[in-house]
Each structure stands twice: as structure tokens, then as C-alpha cells.
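Following: one structure in C-alpha cells, then a few remarks.
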Amino acid sequence: MNTKFKSPQQFFRQRRLRLGLVFAALLIIYLVSVIVVNFQTLTSLAQVPAGLVWLFKNFVPTQQSISYLGPILYQLWRTLIVAVSSTICASLIGLILAILGAKTTSPTPALRWIIRFSASLLRNIPVVAWAMILLFSFKQSDFTGFLALFFMTLGYLTRAFTETIEDLDREKLQALQAVGANYFQCVFCGVLPEVASTLTSWVLYMIENNLRDATLVGILTGTGVGFLFNHYFKQFRYDAAGLIVLLIAVLVILLELTSTQIRRAIA
Amino acid sequence: MLKVIHLNKTYGQTKRSLKDVNFTAQPGEVTAIIGPSGAGKTTILRSINQLIRDDSGQILLDDQDIRQSNKAGLRKIRHHIGMIFQNYNLISPLTALENVLHGRLGAKSTLAGVFGMYSAAEKSEALRLLQEVGLGDYAYQRCDQLSGGQQQRVGIARALMQHPKMILCDEPIASLDPKSTKIVMDILRQLAQEKQLIILINLHQIDIALDYADHIVGINSGEIVFEGPSTDVNDQVLQQIYRQAEQPEQAVTANEH
Amino acid sequence: MIENSSSNTKSLPTLPATKRVTLLTKPRLILRGVLLALALITIYSLITLDRAGLKFGEAFQSLGVNLKAMFLQPTVGQDTWALLLRALATSVGLAMLTTLLGALFAFFIAVFSARNLVPGWLATSIKAVMAFIRSIPTILWVLIYSVVMGLGANAAVVGLTFHSIAYLVKAYSESIEETSTDTIEALKASGVGFWPIIFQAILPSIIPALLSWTFIRFEINFANAIAVGAAAGADDIGYYLFMASGFYFNFHEVGLIVYLLLGVAIVLEIVSMKLRGHYLQKN
Ligand SMILES: Nc1ncnc2c1ncn2[C@@H]1O[C@H](COP(=O)(O)OP(=O)(O)OP(=O)(O)O)[C@@H](O)[C@H]1O
Ligand SMILES: [Mg+2]
């Protein structure tokens, strides 16, 4: 920025003006949103503490809710493995798509654009839409949740993998090509070993994410721990619902800690 | 006048870094602290403005003991002590002018500080100080686009913006080339003389210390081994200041760096 | 990738290549172990997946028919354009509102959970609370608050904001922790207080990072707003999506809504790219 200002005062006037405009824009966005959404800022904020108190009063698991522990743990386990398997399946296909779609390894530009576009399409279809469309065809089964998470994850991982592969040093590939390696040798000996740990990081991240989304999908499709939560919640058995929330939190945190450890170990 | 009396500092339980340090620094003079790496130069400087809490002793700035002041008092005293660092420590995405104005933040109320409300006079003064250190043309330039020597001069202008009684410089030229070194040292010496400031500099380069400083403090393993005018420094004195510690201790200090 | 690595492990002993053996460092071994474990879980999961007597041929065929209806013949269904557009605006509004509120609160909380600004115990405790809030899916927060505040916009906003705060506190405090302690100390040494340092030194250094985290969160909040509409009945596009797909089974309308959402996503992408580019250029 080599702009010349006549005086420091002028410089600061301009700074203040810009800052003022930004704040005005934010304020307008806020106000418009409040009107569109019909949100009562003050009443709602005032209710937050009461909400927390209510939460701690009603959502604390009681002696009785321990008896639900069996089914809850079972559904939690089902949810976890659905989250894992959908991520892994998506990562396999995502990897193939990424290799075909990354600038450095793509056989043809046309394929690259098709893959780019489809991945972005998959990513931007909300998980709700996936869940509901699949529910219609695949009914109320674990498979519905699996496919919903699968398609969404496929979109995300294809993009993430593509970018990771493209970040790879081009010279390494060229060196391999110079030695006379064919396409598959290049990919399997040059690209994959280099990116393996980054890709695994992405996979772990998506598993965490999918565990959270699996709850939502469960609520919508009537499967897994999400269904169980909704079931208890609608029957006002808040202690059991609270137990579920607590267990989900514990599982997510454990998963986060584990994958942090793994990431550190493979870095 | 700065008077350091019986200053002691122990890191952790056992690591005695300053042992009964005494010296004075006069306004209008450049005082250089020299000594081998790990001798305690940085520790002295940072004890003076209490970035490091020392264990015992007195630090008198114009007969006021810095160590005795409470939190608000310390902030006020710190505002009158400028500090210059080896790595400049500017806020890099901001312009030179804004960085210089940061020198006034310490004198402002919290609210005025948060919103960065500077008076017109302060803004003009900041520009004038930048001109004084030869950076008038760079006032509106982001600091990370300036060279090291230029950044250091912005750092000096920021210190001057505090209207300091004293400027502490921790190896201000360690990352600079010879030309920038000369510019920066010239400015510091000129400041001492013209504004009657106390200038206290940690230096590694003996020749520069002897060229520019009026007063030399030599330190070795936390002990003052020499204090006097720079004209009194001879080979024997230097040998004493830079004498090797015993071998094992040397190894320890090397590991810690 | 996973199949590959596991089959590699098996075939390894038969390979005489010396180079391969040296590559098997500890991280590599752990990596293979992790991938193998994940592969096993996946296989187990796929075998035991509850299929509820599904006939896959039929199911995939019906999926194909529905996808065709969605993407090739989108219509407004039993709703009107005006209604859908308004609902879409509500979703965008929800996302903006919760992102703004979340960013505002998160910034102040993040200041107190940055290790270079406050004592370690305080930072750790705040971070732990935030990790707990974050670990509970957004939709559950919204459902929980809908009991206290009644179903509708207020509960949706509060629930979404809750999760946004927890997410942004983590991102922001990590950005704050990345600013060098030296520059902070330089101002401390000249007697500058806590809040002026935050706003005059730290904030200007981390604005690009804050901006990009906030945008990422905005995208998440938009997706969450839709989910919340579907599951907790805030009157937004998610609700119409839910009704069209789960109640009226009108996949033409689902298609139209998906197209609308894609449109928003594209606009968002462009705006965020422009803004980020603009900011980085300006400074
Ligand atoms: N935070 C600390 N904790 C423990 N020991 C420290 C710490 N800071 C410094 N020391 C020790 O105190 C002694 C003096 O350190 P100081 O940084 O003051 O040396 P210095 O003379 O500035 O060295 P240099 O010329 O390398 O900058 C050294 O032995 C150092 O290892
Ligand atoms: Mg030092």
C-alpha cells in the first residue's frame, strides 16, 4: 500500500470511515436478520440462564435412567460404526475420484471438471435432503443413515483429497516419470505414500464430524442413537435423554482425543 | 539517574542468574552492558522494567524504587521507560505510524486505549518522530514491508513516543547489517545527548560498545566484573569479562540456549 | 486406500525390495494399524448393518427415479415461490444471526481462554467447558432449548449460537495463541493495559484468521439452520424440505429446494472469496 496521505489526520479519518462502514454493514445485517427470522434478542438472551438451570435440573441422569443404559450403549455403538464405515467407504471412492480429479494426477481435464462439479454438488445437498430422499427408498434402516452420511462425506473428502494431492510437490512426480514409471506406478509409489498421513487426518476428522451428524440423521430417519434420543425426549423422559447427551459428549470427546493422538503419532 | 543496588535474581530454585548486581547509568550517556552469552544481560534489562520479577535489591529511577510500586504505579513507571528489542516486536500488519502511536497507549484510559483514540497533536508528533529517524516516507507502510533496520527505527520512534526518561535496548543491532547498525547506533547516541535520556544497551559487539558507549558495565556469570568509562576498557578488562566459565557449567548454558 | 495399505502389509514379507523395509518407520506402522482397524470396523459394520428386509435392486431403482424427479423436473410443489424464497431468506438470516452473535461472544470468551493472555488454569477450564458444549450435536442443543423457550426461531437461534460459540472460541483462541508473546510483551513493557493490548495489538494481527474461521462457521451454520428447520420446526427452508420429502413425498419440490440451496452456496463461496481477497489486498 503505497498510498500517500496528506496528513496523519487524513489517514486516520479514512481508517475510521472504513471501520464505521464495516460496523454499519454488520449492524444492518444483524437487524435485517433479526426481522427476517423474527428473533427477540433480549427476551431470548434473558432466558439462556434459566434454560441452563432447567437443563441441569431435568437432564441429570437419575438412578432410574441407568436401567436404559443397555439399549443406549448399543445404539451408540451402532451409530459409531455407521459413522466409521460410511466415512471409510466414502474415503475409498473419494480417493479414486481425487486421483482422477487432481490437477497433478488427472488423466484428462474433462474428467477433472466433472469430478469437481459432482463433488461440489454432493457437498451442497444438505444432509436433511439426503436423509429424507434415502428414507423414502431405503425405509427406516441403518442403511439409510449409512448412505446419507456416505454421500455427504464423499463430497467433502473428494475435495479435501484433491487439494491435498495438488499440494504435493510436482517435481517428485516428474522425477518418477523421468525414471520411466508408468501412471499407476507414479500414483501408487509416488503420490499415495506421500499423502497417506494427511489423508488419514482428514478421514479421522470426518469420522468425528459424522458421529455428530449421525445423531441428526438418526432423528430424521428414526435410526441409531438419534432416534432413541428423540423417542425419550418426546415422552418427556429427560433423564434418559440427558444420559444420551452425556454419553454422546463423552464418546465425541474420546474420539477427538484419540484422533488427536493418532494424528500426532503418524505426522 | 538509574541506580541498581544489590540486585539478585534466581530462576527456579537454584539457578542464580544475578548475584548482587550494582551499577549506575547517567542521563545523557549511553551505557552498554557487555558480557558472554548467558551472563545475565537480558535478565538485568528485564528486571529494570519488572518484566521479570527479581528476588531482592533496589532499582532506583530518579530516586524512586521501581520494585516498590504497586500495579498501577508500575504501569505509570513503565510508560516512562522505552524498550527496544532484537526482533523489533512491532505489530506487523499495522502501519509504521500506528506502531509509533502505540507508544502513547500506556498513558491512556482503558477505553481510549481500546478504541485507539489519539489526539491530532499525538498523530502529528508520531509523524514527526518518524521523520526524525528518517522514515517520513514510510509512515503509511505496513511494518512487515519494511527492512530490519527500518523496523528497528520504527521501534525507536515508538519508544520516543512514550516521552521516556530511559530507553532499554536488548541487543538492538543483533539482526542488522553494518550500515543499519551505524544508523541505529547513531540515532541512539544522539538521543542520549540531545534529550538527556538514560540509554542502556545490551551488546555483543565489543567494538561497537567501545565506539558508542560512554559507560561500560561488564558482566560475567551474573556478577558485575567491571564498571567504568569506556576509555578505561583494555585487553585485561575484556579478558576478565569474557573469561570462560568452568567447562561443565559452560555445557549446561549451551544446552539451555 | 485402506484396502491397498492392508494388502500391502500382507504381501510385504514376500517383497525382497530393501527400500520398502526402510520405509516402515514407526509412524508408518501406526498408520497401517489405524487403517487396518478402521477397515475391520467397516467390514464388521457392513456385514451387520440392519437392512430391514430391503430389496436393494428396487431401492436403488426408486432412488434413481427420485433423483431424476429432483434434478430434472424441479417444481415448487404445493408451496409457492414466495413462500420458499421467504423460507430461504429465513435460513440465511438464521445463519447470519447466529454467526454474528456467536462471533461476538466467542471473541470475548476466547480472550480468556488464550494461554498467552491468562493463567493456564483459567484457559484450560474454559476450553474444557467449550469442548463439552461442542461435543453435543447442534440439533440436540436446539431441541433442549425448544423445551425451555418453545419451538420456533428463538430456540433455534439460541441453540445454534451455543454451538457456534463453542466452535469459534476454540478457533479464535488458537489464533490468539499464535500471536507472538514478544509483541505483546513489548506493549506490556510500555505500560499498556490488558484490553488496549487485545484491541490494538492482537486483534489487528489476527483479523484474517478470524475472518476465515467465521466464514467457515457461517457455512456450517447455514447447513445447521436447514437441519434445525427440519428437526425442530423453525419456519425455514429446512422445514419445507422436510415436509416435501418426508410428508408429501414431492421430490420435484425437493429438487427445487436443493437447487435454491446450491445457488446460495455458490453466492456464499463467491462473497467469501471476494471479501477475503479484498481484505488481504487492502492490508
Ligand atoms: N526463564 C528462565 N528460566 C530459567 N533460567 C533462565 C531463564 N531466562 C534466563 N535464564 C538463565 O539465566 C542466565 C542469564 O540469562 P540471560 O538471558 O539474562 O543472558 P544474556 O546475557 O542475555 O545472554 P545472551 O547474550 O545469550 O542473550 C542464563 O544462564 C539463562 O540460562
Ligand atoms: Mg539476552
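A note on names: the letters A, B, ... follow the listed sequences, proteins ahead of strands, and every chain is numbered from 1.
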Could you have a look at B:R75, B:R46, B:K108, B:H80 and say which one has the most heavy-atom pairs with chain C under 4.5 angstrom?
->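 Between B:R75, B:R46, B:K108, B:H80, the count favours B:R75.
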Heavy-atom pairs under 4.5 Å with chain C are the metric here; pick the option from B:I91, B:L168, B:V114, B:I84 that has the most.
->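 The candidate making the most pairs under 4.5 Å is B:V114.
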Can you measure from [atom1] ([X]) to [atom2] ([Y]) and round to the nearest 0.5 angstrom?
| X | Y | atom1 | atom2 | answer |
| --- | --- | --- | --- | --- |
| B:N202 | B:T43 | CG | OG1 | 9.0 Å |
| B:Q151 | B:L176 | CD | CG | 10.0 Å |
| C:N221 | C:L160 | CG | CG | 6.0 Å |
| C:L260 | C:S91 | CG | OG | 10.5 Å |
| C:D236 | C:R86 | CG | CZ | 10.5 Å |
| B:Y88 | B:R158 | OH | CZ | 13.0 Å |

Segment of [X] engaging chain C (4.5 angstrom heavy-atom cut-off):
| X | value |
| --- | --- |
| B:L105 | both |
| B:R104 | neither |
| B:L90 | backbone |
| B:T110 | both |

Answer yes when B:R67 and B:D65 have at least one side-chain N-carboxylate O distance shorter than 4.0 Å, and no when they do not.
->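 Looking at B:R67 and B:D65, the cut-off is not met.
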Validate the cation-pi geometry between C:K170 and C:Y172: distance from NZ or CZ to the six-membered ring centre under 6.0 Å, angle to the ring axis within 45°.
->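 Pair C:K170/C:Y172 does not count as cation-pi.
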Any cation-pi pair here, C:R134 with C:Y167, using under 6.0 Å and within 45°?
->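 Because its charged atom misses either the 6.0 Å distance or the 45° angle limit, C:R134 does not stack over C:Y167.
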Measure from the side-chain N and O atoms of B:N99 to the backbone N and O of B:V154, and report whether any donor-acceptor pair falls under 3.5 Å.
->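 A pair under 3.5 Å: no.
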Side-chain (B:Q152) to main-chain (B:P172) donor-acceptor, under 3.5 angstrom =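 Side chain of B:Q152 to backbone of B:P172, a donor-acceptor pair under 3.5 Å: yes, one is there.
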Can you tell which part of C:S180 gets under 4.5 Å to a heavy atom of chain B, answering side chain, backbone, both or neither?
->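 Neither part.
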Does one side chain, of B:E98 or B:T95, offer a donor that lies under 3.5 Å from an acceptor on the other?
->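 Yes.
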Sorted by number, residues from residues 181-191 of chain C in contact with chain B (heavy atoms, under 4.5 Å) |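 Those residues of residues 181-191 of chain C which have a heavy atom under 4.5 Å from chain B are C:D182, C:T183, C:E185, C:A186, C:L187, C:K188, C:A189, C:S190, C:G191.
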What parts of residues 116-132 of chain B touch chain C if we use heavy atoms and a cut-off under 4.5 Å?
->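 Listed by number: B:G116, B:Y118.
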Considering only heavy atoms from C-beta outward, does the side chain of B:R78 approach that of B:L74 to under 4.5 Å?
->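 The answer is yes, as the side chains (C-beta and beyond) meet within the 4.5 Å cut-off.
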